[in-house]
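Some notes on the structure that comes next.
These numbers come from the heavy atoms of this one structure, side chains and all, not from hydrogens, waters or symmetry mates.
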Amino acid sequence: MHPHIQLLIKCIDLEEKEQANRYKLDQAHTLKQLKAEGLALHPIIVTRKSFGYADYPEISFKLSFPPETHLFRDGAAIECFIAGEEPVKGILISLDGKNGEFRLFAPDFPDWIEDDAVGIKLAPDTRTTSIMKKVLNELENNKPLFKLFEQLHGNAIVPGNISPDNGNASFRNRNLNKSQQQAVTAILQNEQIAIVHGPPGTGKTTTLTEAIFQLVKKGEKVLVAAPSNTAVDNIAKGLIEQGIRLLRVGNTSKVDETIFSHTPEGKLNNSKQLKEIKQLKIRAEEFRKMALKYKRSFGKAEREQRNLLFKEVKNIRTEIKKLQAYNEEKLFEEAQVIAGTPVGLYDAGVDHLHFATLVIDEAGQCIEPLAWCIFPLADKIVLAGDHWQLPPTVLSNEAAKLGFNRSILEAAIATAGNVHLLNVQYRMRQTIAGFSSSYFYKGLLATAAHLADAGTHLTFIDTAGSGYNEKHGPDGTSLQNEGELNIVKQLIETASVSKFQTAFISPYSGQVTAAKEQLPKEMRISTIDSFQGQEKENIILSLVRSNDDGDIGFLKDYRRMNVAITRAKEQLIVIGDSATIGADSFYKIFLAYVEQHGTYRTVWEFDIQL
């Protein structure tokens, strides 16, 4: 077996082990600890119960506290629990602020679901890890695909095949700039693998939408993937607007109306087949109600009767799934584009269909083995994203050290010759974009003319010497800095920034938790990780770290800073301790950039009790 395949399988095992240890609720891992680490939400308040697609129980809930929940991503494996009862496995459908929804893999709702002290916690995603290991173990049997694997992990450059003209493409979108046109042309002429490198604000989704439209116009059937449901829906909307026959598969319970009508559920909503499915669901519900007559405390005979009734419910639901699969087959055939997450596409069973091109958006967030799960589904591959933003989340430090958090984009961009940079950004003022352009993008990222500077757009507020030191929050884990929050409050009180047009972000969840308690509720308050892919008129970035040792922790991941400083459109305010961060070469360069192009302020300018 190829050494790198062995390495990836080893990393998957390490990650699986770390998930099992990290998510365990026992004497060594108390509920308080899990909550403090952002791995459990407790208690939840159940607001609605229903049976969703394929008749699985679905629960809507709200939280009475403002969570920092960047690990609770849609599609995450979860367990619903209460003390003294067997937890029930499921997946998170959505979580937005204090409101969320999850699906349980069970024939019915647990008897205790509406009791006090119910919670959900993250659980090991053994299904995804088993799929990845299966695919990697079979990779060498697929000769063309294994050749690509060897090329991506060898020293030779995978040749590009782009010609300087636009390949006679007649662009539907007349507003594409030159680099966007070249990227579209590269995708149209691609024979194996093409990469669209899209830094923040450069119109990556616009470019991909045009390229996919042109591929469909050529008669190709296209597969579109992204590691999160949000990213899938984002590109799906653009394609639907272009009139493309799109089928959105996977976790579609929470999509908005424009996309729902393009899901299998939405398309079957008014069909004759739906009547048959509804009748089966009514039968299943009758058996379910009969089973529920047997409450928690009952004898052996009652338990057997209850189990038989639930078995019948399960059989009917299996029949429903078969009927849905039969009806979906026609939808798969008719679709010009099928879109979903990697696991959603793998589960959709589309491997018998012929796809000319697979496009993976946000490929910088996709771990490599997940990509190989869907690479076999198409002849040609397009990867789009930015490897200078945050890498995929990996829990195992050991696996991360072995490179498991290296995305498929990062792996491919090193050896692929067919790489195309989108080089004009349309999001932020020139000064804000200038540092990232210089440090991360070799000075190649230009700013659209209408975003030329019109005043001061970049400010650093220095807390050095103020005694505003970092402290552990009440949970004892994540760091906080009360002094930096005091500065933010004064900025808002003196109307230096509008609370309605400003987002507060920080690398530390402890600081975010404190900010949610102290700052106006109208403000968007988030960790940097949760804010990736978003933007706001003004951004206040609190770095938190302030100590005598110059210890900056995971501020060392400069890609996190790249995400942070490229969220602001009009004004970026960074608050930090130059004495702590200034010894690091990256921050030294950043501070010099602010002095040259922005405004450098000190904490002493603020009327704050030190």
Side-chain angles (χ1 to χ4, degrees), residues 179 197-204 364 385-391 421-464 484 491 497 502-507 526-529 531-545 552-602:
S179 69
H197 181 192
T202 52
K204 175 172 57 68
D386 182 12
H387 57 296
W388 289 116
Q389 293 190 65
L390 282 167
L421 174 74
L422 304 181
N423 63 7
V424 182
Q425 70 84 18
Y426 299 90
R427 173 185 293 167
M428 56 207 123
R429 292 289 185 172
Q430 193 167 344
T431 296
I432 299 173
F435 177 76
S436 283
S437 175
S438 170
Y439 191 92
F440 294 101
Y441 307 110
K442 301 176 183 174
L444 299 173
L445 185 61
T447 294
H450 69 282
L451 291 169
D453 294 342
T456 299
H457 304 284
L458 174 62
T459 303
F460 183 80
I461 301 172
D462 194 353
T463 66
E484 292 187 7
L491 285 170
V497 291
T502 303
F504 173 92
I505 62 175
S506 176
S526 171
T527 57
I528 296 168
D529 297 50
F531 208 68
Q532 177 157 307
Q534 299 178 59
E535 59 187 43
K536 198 75 174 174
E537 211 67 23
N538 309 312
I539 292 286
I540 300 175
L541 168 61
S542 171
L543 297 181
V544 176
R545 298 313 297 251
I552 63 170
F554 62 57
L555 291 188
K556 267 280 186 192
D557 190 339
Y558 306 143
R559 289 179 291 185
R560 184 172 276 106
M561 274 298 286
N562 187 35
V563 171
I565 62 183
T566 54
R567 301 304 98 198
K569 294 159 73 175
E570 194 64 30
Q571 192 176 171
L572 171 66
I573 299 170
V574 182
I575 307 172
D577 181 350
S578 65
T580 299
I581 66 173
D584 180 271
S585 60
F586 172 86
Y587 293 97
K588 189 177 181 181
I589 296 167
F590 176 71
L591 293 172
Y593 179 86
V594 175
E595 288 203 65
Q596 187 179 351
H597 300 282
T599 302
Y600 196 98
R601 300 180 68 183
T602 76

Is the side chain of Ser179 donor-acceptor paired with the backbone N or O of Leu422 at a distance under 3.5 Å, no angle test?
no
In Å and rounded to the nearest 0.5 Å, what is the OG to CG distance from Ser436 to Asn562?
4.0 Å
Indicate the atoms forming the closest heavy-atom contact of Thr580 with Ile552, along with that distance.
O-CG2, 3.7 Å
Do the charged groups of Asp577 and Arg545 touch, with an N to O distance under 4.0 Å?
no
Nearest-0.5 Å distance, CG of residue Leu541 to CZ of residue Phe531
11.5 Å
For Met428 against Pro200, the heavy-atom pair lying closest together:
CE-O, 3.9 Å
List the steps, then state whether side-chain contact (heavy atoms from CB on, under 4.5 Å) holds for Thr566 with Ile432.
CA-CA 7 Å; Thr566 54; Ile432 299 173; over 6 Å; no
So CD1 of Ile565 and CZ of Arg560: to nearest 0.5 Å the spacing works out to 13.5 Å
Aromatic plane relationship, Phe586 with Tyr439 - under 30° parallel, 30 to 60° tilted, over 60° perpendicular:
perpendicular
Say whether, by atom type as modelled, one donor and one acceptor occur between the side chain of Ser438 and the main chain of Phe435 under 3.5 angstrom.
no
Is the shortest side-chain heavy-atom distance between Asn423 and Thr202 below 4.5 Å?
no
Classify the ring geometry of Tyr593 against His597: parallel below 30°, tilted from 30° to 60°, perpendicular beyond 60°.
tilted
Can you check whether Phe590 and Tyr558 have ring centres sitting under 6.0 Å from each other?
no
Nearest non-hydrogen partners of Tyr426 and Val424, listed with the distance
CE1-O, 3.3 Å
Please set out all donor-acceptor pairs under 3.5 angstrom arising from side-chain atoms of residues 447-464, sequence neighbours excluded.
from   : atom 1 : to     : atom 2 : distance (Å)
Thr447 : OG1    : Gln425 : NE2    : 3.0
Asp453 : OD1    : Gln430 : N      : 3.3
Asp453 : OD1    : Thr431 : N      : 3.0
Asp453 : OD1    : Thr431 : OG1    : 3.2
Asp453 : OD2    : Thr431 : OG1    : 2.3
His457 : ND1    : Glu570 : O      : 2.8
His457 : NE2    : Ala454 : N      : 2.9
Asp462 : OD1    : Ala464 : N      : 3.0
Asp462 : OD1    : Ser578 : N      : 3.0
Asp462 : OD1    : Ser578 : OG     : 3.1
Asp462 : OD2    : Ser578 : OG     : 2.5
Asp462 : OD2    : Tyr600 : OH     : 2.6
Thr463 : OG1    : Gly576 : O      : 3.4

Could you state the interatomic distance from CZ (Phe440) to NE2 (His387), rounded to the nearest 0.5 Å?
10.5 Å
If you measure from CD1 on Ile528 to CG on Leu390, what distance do you get to the nearest 0.5 Å?
7.5 Å
Test log, rule side-chain contact (heavy atoms from CB on, under 4.5 Å), inputs Asn538 and Ile573:
CA-CA 8 Å; Asn538 309 312; Ile573 299 170; over 6 Å; no
Least distance between heavy atoms, Ala564 atom then Ile539 atom:
O-CG2, 4.3 Å
Under 3.5 Å: donor-acceptor pair, side chain of Glu484, backbone of Val544
yes
Would you mind checking if Glu535 and Arg567 are paired as a salt bridge, meaning a charged N to carboxylate O distance below 4.0 Å?
no
Distance in Å, Ile505 CD1 paired with Thr527 OG1, rounded so as to fall on 0.5 Å steps
9.0 Å
How about Leu543 and Met561: do any of their side-chain heavy atoms sit closer than 4.5 Å?
yes
Would you say Leu421 and Pro199 make side-chain contact, with heavy atoms under 4.5 Å?
yes
Taking the six-membered ring for Trp, are His197 and Tyr441 closer than 6.0 Å centroid to centroid?
yes
Nearest heavy-atom contact between Gly198 and Gln389 is O-NE2, 4.5 Å
Dump the intermediate steps for side-chain contact (heavy atoms from CB on, under 4.5 Å) on Thr502 and Ile540, then the final yes or no.
CA-CA 7 Å; Thr502 303; Ile540 300 175; 3.8 Å; yes
